[in-house]
Amino acid sequence: MKNCQFCQAELDDSAAFCSQCGNKQQAAVVQAQPQMPQAPPPVLDPVQAPPPPAYYAPPPPPKEPSFLASEGKRYMSWLTRGFLGTSEPIHLLYAAIVPFLIALFYTLSMARFMSWHAGGFFLLWFFSMVMVAALPAAAWFLNRFWLKAEAGLIETFSAFSSFSNVILPLAFVVMILGLAGAGFAFTLGSLIPVLVLAASAMLLVPAAGGDQKKLWLAVLILAAVFIVLQIIWGSIYSAGRSWGFPRFF
């Protein structure tokens, strides 16, 4: 059953005209719902597109600084704290800086007297470095085997380097005077080996433990080593002067 579109009378489903009002029944028009246009899928920029899935490797952990680098960072503070002597150890490479510069400045002060002969200069420089290393090594040997002290090699050379901080400015002044041709540069420079001997002798005092007899004998042995080294150094210096001295035939 259906109702008339005009008078709402009940009609058969197949009726084309209304039996009450006589109007023709029109077929119902089914209006299709308008469809909203669909937006196209977004196109990703290849630059902004997410990368394809890949295996993620975590970054390696930061490397710890080496022992040599750590010692280098504290070298200046160690040098300041131990200007007049310290028992705090430092790496041998850094402990050798001040003695190395002393040997270099001292040899440069003598180069003019050897007429800048290259062979004599380098030979004297090499033996000067041997000398500033041999004296603290002899002091360590006496501490260990004569005074029976538990003296470490690194601690001994570190203390010697800290004592040598006072000698370095003097060696620099002597070098300037020697390069300028001052006659008293040689006399003033003769104090440098004596101060190196004194710095080495200071290494024996803590190990002696108040035993003055053993300390005095150890100082005499160290002085004997110093005399032998000075004789060799003087021979090299004399040879360098003869090599650099101008000869006329």
Side-chain angles (χ1 to χ4, degrees), residues 75-117 120-140 155-206 218-220 222-241 244:
Y75 174 71
M76 293 306 299
S77 60
W78 173 85
L79 193 66
T80 305
R81 292 193 304 269
F83 185 76
L84 294 176
T86 179
S87 58
E88 181 183 357
I90 194 73
H91 195 278
L92 280 177
L93 181 63
Y94 297 103
I97 293 177
V98 172
F100 172 81
L101 292 176
I102 291 174
L104 177 61
F105 294 162
Y106 183 47
T107 309
L108 284 172
S109 67
M110 301 298 168
R112 188 180 183 90
F113 301 102
M114 295 186 295
S115 301
W116 294 96
H117 189 276
F121 172 81
F122 285 106
L123 188 60
L124 190 66
W125 182 23
F126 173 78
F127 191 77
S128 297
M129 288 190 294
V130 171
M131 186 170 163
V132 296
L135 287 175
W140 170 81
E155 290 78 7
T156 301
F157 274 90
S158 299
F160 172 76
S161 179
S162 63
F163 288 136
S164 301
N165 291 331
V166 183
I167 311 174
L168 185 61
L170 176 62
F172 182 77
V173 172
V174 170
M175 178 192 68
I176 298 299
L177 294 175
L179 294 177
F184 61 93
F186 185 87
T187 305
L188 186 62
S190 62
L191 293 176
I192 295 177
V194 177
L195 291 176
V196 171
L197 173 62
S200 302
M202 288 295 298
L203 303 174
L204 304 173
V205 176
V219 170
L220 290 178
L222 188 64
V225 174
F226 171 75
I227 292 172
V228 173
L229 293 174
Q230 277 294 100
I231 292 174
I232 300 175
W233 185 92
S235 301
I236 296 174
Y237 174 72
S238 300
R241 291 200 63 176

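Below, each value reflects all heavy atoms present in this structure, side chains not excepted, and no hydrogens, waters or symmetry copies.
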Find the distance between OG (Ser235) and CG (Leu124) and round it off to the nearest 0.5 Å.
-> 11.0 Å

Between the OG atom in Ser164 and the CG atom in Leu170, the distance rounded to the nearest 0.5 Å is 12.0 Å

Val166 vs Leu195 side-chain heavy atoms within contact, under 4.5 Å = no

After noting the C-alpha distance and the side-chain angles of Tyr106 and Val132, does the key distance pass the side-chain contact (heavy atoms from CB on, under 4.5 Å) rule?
-> CA-CA 11 Å; Tyr106 183 47; Val132 296; over 6 Å; no

CZ-CZ distance between Phe105 and Phe100, expressed to the nearest 0.5 angstrom = 9.5 Å

Please examine the side chains of Phe126 and Thr107, heavy atoms only from C-beta on, and report whether any two atoms are closer than 4.5 Å.
-> no

Short side-chain to backbone donor-acceptor contact, Trp140 and Phe157, under 3.5 Å | no

Taking all non-hydrogen atoms of both residues, which atom of Ser161 and which atom of Trp78 are closest, and how far apart?
-> OG-CH2, 4.0 Å

Should the pair Phe122 and Trp125 be assigned to parallel (<30°), tilted (30 to 60°) or perpendicular (>60°) ring geometry?
-> tilted

If every non-hydrogen atom of Pro89 is compared with every non-hydrogen atom of Glu155, which pair is closest and at what distance?
-> CB-CG, 4.1 Å

May I ask you to decide if Thr86's main-chain N or O and Ser162's side chain share a donor-acceptor pair within less than 3.5 Å?
-> yes

Just how far is it from atom OG of Ser109 to atom CG of Leu188, taken to the nearest 0.5 Å?
-> 9.0 Å

About how many Å separate CG of Asn165 and CD1 of Ile102, when rounded to the nearest 0.5 Å?
-> 8.0 Å

Grab the two heavy atoms, one from Pro193 and one from Gly189, that are nearest each other, plus how far apart they are.
-> CD-O, 3.3 Å

Taking all non-hydrogen atoms of both residues, which atom of Leu177 and which atom of Phe184 are closest, and how far apart?
-> CD1-CE1, 3.5 Å

Just by distance, do the side chain of Ser158 and the backbone of Ile90 share a donor-acceptor pair under 3.5 Å?
-> yes

Value rounded to 0.5 Å, distance of CE in Met110 from CZ in Phe121 = 12.0 Å

So do Met202 and Phe160 actually touch side chain to side chain, heavy atoms under 4.5 Å?
-> no

In terms of heavy-atom contacts, does OH of Tyr94 have more than 12 from other residues, nucleotides or ligands at under 6.0 Å?
-> yes

Which heavy-atom pair separates Gly178 from Arg112 by the least distance, and what is that distance?
-> O-CD, 3.3 Å

Within a strict 4.5 Å, meaning less than it, do heavy atoms of the Val196 and Phe226 side chains meet?
-> no

Which atom names give the shortest non-hydrogen contact between Leu135 and Ser200, and what distance separates them?
-> CB-OG, 3.2 Å

